[in-house]
**Student:** 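The following block contains the structure, expressed as structure tokens.
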Amino acid sequence: ESAYSAVAIVDTTTMTRVSKIPVCPTAHGEGLSADGNTLYVTCANSDQVGVVDVTDRVHPSVTALVNVGPTPGTLDQPSYSPYALRVSPADGTVWISDNRSADVRVFDPATMQMDGTKTVNVNGVAMFASFTPDGKTLYVPHQGDDQMTAIDTATLATRTLPLPAAACLNAHAFVLDLDGEDGVVVCEGDHVMRPGAVVFVNVAAFAITGYVDVGMFSDGAAWLPAM
């Protein structure tokens, strides 16, 4: 248990830690169910997705650890390396970005199993994705080729948008705005000399509209609601 990564629950009013629970080796990405009672966590080194009951914030419990693929590897050599996830606003399914297997796989909370009919290869190191508000499209940036793939969640058809080399190195996350019309790809840079960047994308046109360099090793972004 001591080798496991833990998830902490924090009361944001008092800024105090309510609880902390070990989940799995190298817990990383996470997302809540629509009712806020179930937390899903990617487990990169154990090739699993963790399911945590957080109904009781003081006493959360791990209810399942599910292999994300049929042939999980070892802790030092995982087969899939699930890194990030997003919960569909349409049906509550959990779409998991896998680093090593360069794909997106789907966990179905209704069956508590992976949906073997839904694996989408993106041909790059899949990173943090974003759903459109209706859940019909998932936008997944990937490293190695620095591109972004749009996945039709009903048909699994894909479109790919190359990110210009001058604008993006090591695409890390795509964050859609609150209206679902525009988004930004956050690019890490080289972590040493070249700064990260934010690349602006209009999703309706599926086109890049601009970019700006930001700080070293940029990692995430958030849209503020209109004042």
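Numbers here simply count residues along the sequence, with the first being 1.
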**Student:** Minimum heavy-atom separation for Leu85 and Gly31, please, with both atom names.
**Tutor:** CD1-N, 3.4 Å

**Student:** Between Asp56 and His59, is there a donor-acceptor pair closer than 3.5 Å when you use the side chain of the first and the backbone of the second?
**Tutor:** yes

**Student:** For residues Pro82 and Cys43, report the shortest heavy-atom separation together with the two atoms involved.
**Tutor:** CG-O, 3.4 Å

**Student:** Roughly how far apart are Thr119 OG1 and Tyr80 OH, rounded to 0.5 Å?
**Tutor:** 8.5 Å

**Student:** Indicate, with yes or no, if Val214 and Val185 share a hydrophobic cluster defined by side-chain heavy-atom contacts under 4.5 Å among Ile, Leu, Val, Met, Phe, Trp and Tyr.
**Tutor:** no

**Student:** Report yes if the side chains of Val199 and Met148 come closer than 4.5 Å at any heavy-atom pair, otherwise no.
**Tutor:** no

**Student:** Hey, does Val66 have a side-chain heavy atom less than 4.5 Å from the side chain of Gln113?
**Tutor:** no

**Student:** Please report the interatomic distance CG(Leu39) to CG(Asp53), rounded to the nearest 0.5 Å.
**Tutor:** 10.5 Å

**Student:** Would you say that Leu138 contacts Val104 through its side chain, given a criterion of any heavy-atom pair below 4.5 Å between the two side chains?
**Tutor:** yes

**Student:** In this structure, which one of Trp95, Tyr83, Tyr139 forms a ring pair (Phe, Tyr, Trp, His ring centres under 6.0 Å) with Phe128?
**Tutor:** Tyr83

**Student:** Assess whether side-chain contact (heavy atoms from CB on, under 4.5 Å) is satisfied between Phe131 and Lys136, documenting all intermediate values.
**Tutor:** CA-CA 7 Å; Phe131 275 105; Lys136 292 183 178 180; over 6 Å; no

**Student:** side-chain contact (heavy atoms from CB on, under 4.5 Å), that's the test. Do His191 and Asn170 meet it? Break it down for me.
**Tutor:** CA-CA 10 Å; His191 312 166; Asn170 291 321; 4.1 Å; yes

**Student:** Indicate yes or no: at least one non-hydrogen side-chain atom of Lys118 is less than 4.5 angstrom from one of Leu156.
**Tutor:** yes

**Student:** For the side chain of Asp47 and the backbone of Pro78, is there at least one donor-acceptor N/O pair under 3.5 Å apart?
**Tutor:** no

**Student:** State, yes or no, whether a side-chain contact exists between Ile96 and Phe107 at a heavy-atom distance under 4.5 Å.
**Tutor:** yes

**Student:** In the structure I gave you, are the side-chain heavy atoms of Asn202 and Asp182 within less than 4.5 Å of one another anywhere?
**Tutor:** yes

**Student:** Give the minimum heavy-atom separation between Cys187 and Ser218, together with the two atoms involved.
**Tutor:** O-OG, 2.6 Å

**Student:** Can you name the nearest heavy-atom pair linking Ala154 to Asp152, along with the distance?
**Tutor:** N-OD1, 2.9 Å

**Student:** With no hydrogens and no angle check, is any side-chain donor or acceptor of Ser97 less than 3.5 Å from a backbone partner on Ala126?
**Tutor:** no

**Student:** Please examine the side chains of Val125 and Arg100, heavy atoms only from C-beta on, and report whether any two atoms are closer than 4.5 Å.
**Tutor:** no

**Student:** Within this structure, what is the OG1-CD1 distance for the pair Thr160 and Ile151, rounded to the nearest 0.5 Å?
**Tutor:** 9.0 Å

**Student:** Where is the tightest heavy-atom contact between Ser5 and Thr26, given as atom of each residue plus distance?
**Tutor:** OG-N, 3.2 Å

**Student:** Counting C-beta onward and ignoring hydrogens, is there a side-chain heavy-atom pair between Tyr40 and Val51 closer than 4.5 Å?
**Tutor:** yes

**Student:** Can you measure from CG (Asp35) to CG (Leu32) and round to the nearest 0.5 angstrom?
**Tutor:** 9.0 Å

**Student:** Might you point out which heavy atoms bring Asp219 and His172 nearest each other, and give the distance in Å?
**Tutor:** O-CD2, 2.8 Å

**Student:** Decide side-chain contact (heavy atoms from CB on, under 4.5 Å) for Val203 and Phe174; before the verdict, give the C-alpha distance in whole Å, the side-chain angles of both, and the deciding distance to 0.1 Å.
**Tutor:** CA-CA 11 Å; Val203 295; Phe174 180 68; 3.8 Å; yes

**Student:** Do Val10 and Val54 sit in the same hydrophobic cluster, where Ile, Leu, Val, Met, Phe, Trp and Tyr count as joined when their side-chain heavy atoms come under 4.5 Å apart?
**Tutor:** no

**Student:** Roughly how far, to the nearest 0.5 Å, is CD of Glu188 from CE of Met216?
**Tutor:** 12.0 Å

**Student:** Apply side-chain contact (heavy atoms from CB on, under 4.5 Å) to the pair Met127 and Asn99, showing each step before the final yes or no.
**Tutor:** CA-CA 7 Å; Met127 301 295 281; Asn99 279 183; 3.8 Å; yes

**Student:** Tell me whether Asp115 contacts the main-chain N or O of Asp108 through its side chain, where contact means a donor paired with an acceptor under 3.5 Å.
**Tutor:** no

**Student:** Using 0.5 Å steps for rounding, measure from the CG atom of Leu176 to the OG1 atom of Thr132.
**Tutor:** 7.0 Å

